[in-house]
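For reference, the structure is listed below as C-alpha cells.
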Amino acid sequence: MPKKPPQSMPYEQGKWAAVFAPRRRGERRHWLVKSEPDVFSWEDLERAPDRTTCWDSVRNTGARNFLRDGMQVDDLAFYYHSNATPSAIVGVCRVVRAGYPDHTAFDPAHPYFDPDSDPAHPTWYMVDLQAVERLPRPVTLPEIKAAPALAEMALVRVGRLSVVPVTPAEWEAVLAMARG
DNA sequence: GCCAACGTTGGC
DNA sequence: GCCAACGTTGGC
C-alpha cells in the first residue's frame, strides 16, 4: 500500500482532488454537513435570522479543508442529522459565504477554543449556510446504505467527517429518494 | 519518524 | 452503553 499523503500534499494529488480542482464557469458543487439535532437541528436553521448560520466549531483538518478550500458561494449541501433516530438527510442548504476564519477558536471562553489558532494564522475555518428547503421526506442512513447508487458516498465510506463532498450522481439519487 | 495511548465521532 | 474507525499527541 502507498503511504498516506501528508497533510501538505497538494490537493491535486490527494484522494479528494476532484472536489478542490478548478471549476468550470458557473459550476456548482455539492456537499453534506452533519449536525446533531439535539445541538443544532434543521428546524433551528430554519428559525435562524435569514435562515442562515455560520458553520462553526469544526475541529477536524479534513473537514476544515472542505470548508476553507472546497465550498464556494452557491454550492448546495445536504443537511444531515447525526446521532438521531433515525439519522437522516433532512434538508438542503446553500453556501452563502465561502470559507473564513472560525472566530470561536480564538475565544478562550468558547468550548472549542484552540490556543494554536490565532487571527493572523487561523487553523480553523467556517462557512455560512442558509436553509433552502426541507426534503419532502427524510432519507435515512439505512436507506442510503441500501441504495446501490449511494454505495460510495463519503458519508458512509468515510465516517466521522462532519463535512463531506457529494457527487452530482449521489446528489440526484438522494433527491429522487426524497421525492419518491 | 515511529507508534502506542488517548480522544472523538457516531452507528448500533 | 459499547465499540469501530480513525485523528492527534507525545515519548522515545
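In what follows, chains are A, B, ... by sequence order, proteins preceding strands, each numbered from 1. All values reported here derive from a predicted model rather than from experimental measurement.
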Can you check the [X] [atom1] to [N] [atom2] distance for me, whole Å?
{"X": "A/Met153", "N": "B/dG10", "atom1": "CE", "atom2": "P", "value": "14 Å"}
{"X": "A/Arg64", "N": "C/dC6", "atom1": "CZ", "atom2": "P", "value": "19 Å"}
{"X": "A/Leu141", "N": "B/dG10", "atom1": "CG", "atom2": "P", "value": "11 Å"}
{"X": "A/His81", "N": "B/dT9", "atom1": "NE2", "atom2": "P", "value": "17 Å"}
{"X": "A/Arg59", "N": "B/dG10", "atom1": "CZ", "atom2": "P", "value": "15 Å"}
{"X": "A/Asp114", "N": "B/dG7", "atom1": "CG", "atom2": "C1'", "value": "15 Å"}
{"X": "A/Asp116", "N": "C/dT8", "atom1": "CG", "atom2": "C1'", "value": "12 Å"}
{"X": "A/Asn83", "N": "B/dT8", "atom1": "CG", "atom2": "P", "value": "14 Å"}

Checklist entry - Looking at A/Tyr100, is A/Arg97 sitting on its ring face, NZ or CZ under 6.0 Å from the six-membered ring centre and within 45 degrees of the normal? => result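 Geometry flag: set, cation within 6.0 Å and 45°.
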It should be established whether [X] places a side-chain nitrogen or oxygen under 4.0 Å from OP1 or OP2 of nucleotide [N].
{"X": "A/Lys34", "N": "B/dG10", "result": "yes"}
{"X": "A/Tyr80", "N": "B/dG11", "result": "yes"}
{"X": "A/Arg160", "N": "C/dC6", "result": "yes"}

Next on the checklist: A/Tyr112 vs A/Trp124, test: ring pair (Phe, Tyr, Trp, His ring centres under 6.0 Å). Steps then yes/no.
Outcome noted: CA-CA 10 Å; A/Tyr112 293 98; A/Trp124 306 113; over 10 Å; no
Next on the checklist: As a quick check of understanding, evaluate ring pair (Phe, Tyr, Trp, His ring centres under 6.0 Å) for A/Trp31 and A/Tyr80, giving each step before the final call.
Outcome noted: CA-CA 10 Å; A/Trp31 310 88; A/Tyr80 176 83; over 10 Å; no
Checklist entry - Do A/Leu45 and A/Cys93 come close enough that some side-chain heavy atom pair is under 4.5 Å? => result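 Answer yes - side chains close enough.
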Next on the checklist: From C-beta outward on A/Thr61, which listed nucleotide comes closest to its side chain: B/dC12, C/dT8, B/dG10?
Outcome noted: C/dT8
